[in-house]
Number of protein chains: 2
Amino acid sequence: MSEKTTIYDIAKELNITAATVSRALNNNPKISHSTRKLVLETANRMNYKQNRLALALRSGKSNNVGVIVPRINTNFFASVIRGIEEGLHPEGYQVIICQTHEDENREIENINTLLNAQVDGILMSISNLPKENNHYIERVIQKNIPLIFFDRKKEMENVSSVTIDDYQASYQTTQHLINQGCDKIAYFSGDRSLEIYEDRYRGYEQALLDNNIPINEDYIITIKSNVTEGRDAVEKLLALENPPNAIFSTSDFAALGAIQKLKERGIKIPEDFCVFGFGNEPFTKFMELTISSIDQSPLEMGKMAAQVFLDKINNRKSENKVVLLPKLLIRQSSTRIPQV
Amino acid sequence: MSEKTTIYDIAKELNITAATVSRALNNNPKISHSTRKLVLETANRMNYKQNRLALALRSGKSNNVGVIVPRINTNFFASVIRGIEEGLHPEGYQVIICQTHEDENREIENINTLLNAQVDGILMSISNLPKENNHYIERVIQKNIPLIFFDRKKEMENVSSVTIDDYQASYQTTQHLINQGCDKIAYFSGDRSLEIYEDRYRGYEQALLDNNIPINEDYIITIKSNVTEGRDAVEKLLALENPPNAIFSTSDFAALGAIQKLKERGIKIPEDFCVFGFGNEPFTKFMELTISSIDQSPLEMGKMAAQVFLDKINNRKSENKVVLLPKLLIRQSSTRIPQV
DNA sequence: TTGTAGGCGTTATCAC
DNA sequence: GTGATAACGCCTACAA
């Protein structure tokens, strides 16, 4: 049945007190070897399991950590979460996952739910740049609960973060496209009110400037991360008087949409047109024409975020900004056959 | 700071008792309108948040539900989880996710962790068929904690499940391939000690029998769900004296690997060879040659599993087996151009 | 309608 | 070394 044995049951069984049982179970030094052994044995025999809720209530720590992401069903976030779990599970933490679906209200809701659930820390990738009011985010810090941003961060005091060097990723990619002979490089941007997208944009811009290529505003399109938007964006670009000959998309999904549409128009990739994605979604390497992309090391990012959390909760560090290096994966969609 | 306001603080503030505050907060009918209003206002003013741990300790319910899956980073499981969350979140439940990585020990560990964390229910897709000892699974039932299987289930008393009709999916797919003119259909199976894979196999077998096509053991290969295994399996098949002219793969990833290898060998799909996958992973429709597959309605499955859990915990039903209908998505990889 | 008191399962602080 | 007690924050008979 469902009777749960408590330390009181064990105490009664042994004619000792619950306090002693507790001490024995927790390896308290002030306890005789004999009683400890006895307690451990009966605990085992009676199938005792510690009630973590009681422990949590008493200690004020739940051993739960909250993770907030825009969505769970992309390879990137799923892998980051996996990394977080791998880092935290061995330390006895359970991970609670919430999705915002890029909705600011959901984000606020999620934070409240997690605080409500007394999590010991929150690891999140923000969805929207909260307008002026960071109020709900600051509440986390005021409660002295470690907050760690990963990937999509916001610059705040007392908040750690784990990101990749988006600027570098973008700069190098743009340079690579230029090296491939592309001089008219369109750019699919995400919402630039988010730091990662602003950083990526700056990398693109700087690479062009450094190569004396003028910025063409017509080439810069803000999109959402899906196939359809990529297709639509290409239509706009091809309708221009002076269409581009490359696209750097900050979304693999949009890059895929772009490639589909370009092919439909009979444009040859990479000969006539290069395309570069971002995120290294699995499908990018599955295509017949493999899609160049940028790997963000999500597993590593997750593990790192877990480590930063552990450091923080153990007071080893109060703040910590970790920046990982992006990896350019140059595949067919941006590799022109070497001309002899 | 980190001072948390409790109902005692509110009580003191208003010179009433904590019990009254609790009643006011919980909409207990025996309370005057005026005090309730007062309590609600001060609670709000003092930024009171209920401590769910205390509540959980007292009520014995944590409002947490555990979900166990083989892995989180496939579209299928990620989407099921999303469905579960959408069904449970409005009811005030938080979802805790664990991965087994198809490892039986991890599975046992996860169940223990969840029980330990006092979850109110467990929703799981089993990884391995526990040999003879369902011991650790039965512990869940003995504790009177609702257990719901989704997708990968095991027939057990008192355990609900939400699955798709794998037999039908498989039967219809095989029939479809036969209708396309394929008479030598190879089959990539998963571990048949799991019910879903056994059901799928039976569907395949029966369809062949019903069409008077003999079963060829050489055509039946057990694989793991990844690209490499698909490639390797095709090599074996093509080395046969009498190679097949179609593959039904119970994994989209293996189907992809198969297609890659077939193309490398210059075999034309679907003209010379048809391929059908299972799971409707996003990439199947992204390919230049779109891959036929079976949609398992993961979102719906998750929502359904959530509903079954809610029914169970509210004692509306003690057991419930829900079977969803699979959807065949017939795409290019199995559609022969109609011959005139 | 409100107050009192006890308990959910632990552990820390005193005592002895 | 071990026992008694209080406290974590909440809810709910029971009493008033």
Side-chain angles (χ1 to χ4, degrees), chain A residues 2-40 42-43 46-64 92 115-120 143-145, chain B residues 2-40 42-43 46-64 92 115-120 143-145:
Chain A
S2 174
E3 335 105 13
K4 339 213 168 189
T5 40
T6 72
I7 51 174
Y8 276 92
D9 300 325
I10 300 175
K12 203 184 292 171
E13 184 85 2
L14 295 175
N15 267 323
I16 54 177
T17 210
T20 309
V21 175
S22 170
R23 279 188 278 253
L25 257 21
N26 290 291
N27 284 325
N28 188 311
K30 319 178 155 197
I31 200 113
S32 74
H33 260 292
S34 54
T35 41
R36 166 170 308 151
K37 199 181 161 199
L38 210 54
V39 168
L40 257 40
T42 30
M46 297 177 75
N47 194 24
Y48 167 79
K49 298 276 179 211
Q50 187 188 47
N51 183 324
R52 303 185 82 209
L53 292 177
L55 182 58
L57 176 59
R58 174 142 223 295
S59 67
K61 327 227 94 254
S62 66
N63 268 32
N64 285 154
L115 289 180
N116 230 288
Q118 318 288 125
V119 293
D120 296 341
K143 288 210 170 198
N144 216 16
I145 291 177
Chain B
S2 173
E3 336 102 16
K4 340 214 167 189
T5 40
T6 73
I7 53 174
Y8 279 92
D9 300 325
I10 301 175
K12 201 185 293 173
E13 184 86 1
L14 295 176
N15 267 323
I16 56 177
T17 212
T20 309
V21 176
S22 170
R23 280 188 277 254
L25 256 23
N26 291 293
N27 285 325
N28 188 309
K30 320 178 156 198
I31 198 107
S32 73
H33 261 292
S34 54
T35 41
R36 167 171 307 150
K37 198 181 162 201
L38 211 52
V39 168
L40 258 41
T42 30
M46 298 177 74
N47 194 25
Y48 168 78
K49 298 279 177 207
Q50 187 188 48
N51 183 326
R52 302 185 81 209
L53 292 178
L55 182 59
L57 177 59
R58 174 155 215 291
S59 66
K61 328 227 95 255
S62 67
N63 268 34
N64 285 154
L115 290 180
N116 229 289
Q118 319 287 127
V119 293
D120 296 343
K143 288 210 169 197
N144 216 16
I145 292 177

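Numbered from 1 within each chain, the chains take letters A, B, ... in sequence-line order. Keep in mind that this is a model prediction, so the values were computed, not measured.
With hydrogens and angles left out, the side chain of A/R58 and the base of D/dC8 share no donor-acceptor pair within 3.5 Å. Evaluation of atom-type donor-acceptor distances gives a pair under 3.5 Å for the side chain of B/R23 against the base of C/dG3.
Computed from coordinates, the B/K37 NZ to C/dT1 P distance equals 17 Å when rounded to whole Å. Rounded to whole angstrom, the span from the CD1 atom of A/I31 across to the P atom of C/dT11 amounts to 12 Å. Spacing between atom NZ of A/K61 and atom P of C/dA12 amounts to 14 Å, rounded to whole angstrom units. Look at CD1 on B/I7: it is 12 Å from C1' on D/dC8, rounded to the nearest Å. Atom NE2 in B/H33 sits roughly 9 Å away from atom P in C/dT1 (whole-Å rounding).
Between B/S22 and D/dT12 there is no side-chain N or O to OP1 or OP2 distance below 4.0 Å. Not one side-chain nitrogen or oxygen of B/T35 sits closer than 4.0 Å to the OP1 or OP2 atom of C/dT1. For C/dC8, the OP1/OP2 oxygens have no side-chain nitrogen or oxygen of B/Q118 closer than 4.0 Å.
Across the interface with DNA chain D, nearest-nucleotide mapping of B/L57 and B/T20 shows B/L57 to be the residue nearer the 5′ end.
Using a 4.0 Å heavy-atom distance criterion, A/K49 is classed as a sugar-phosphate-only contact. Among the atoms of the strands shown, none is found under 4.0 Å from any heavy atom of A/L53. Contacts of B/T6 with the nucleic acid, taken as non-hydrogen atoms under 4.0 Å apart, involve only primed sugar atoms and P, OP1 or OP2.
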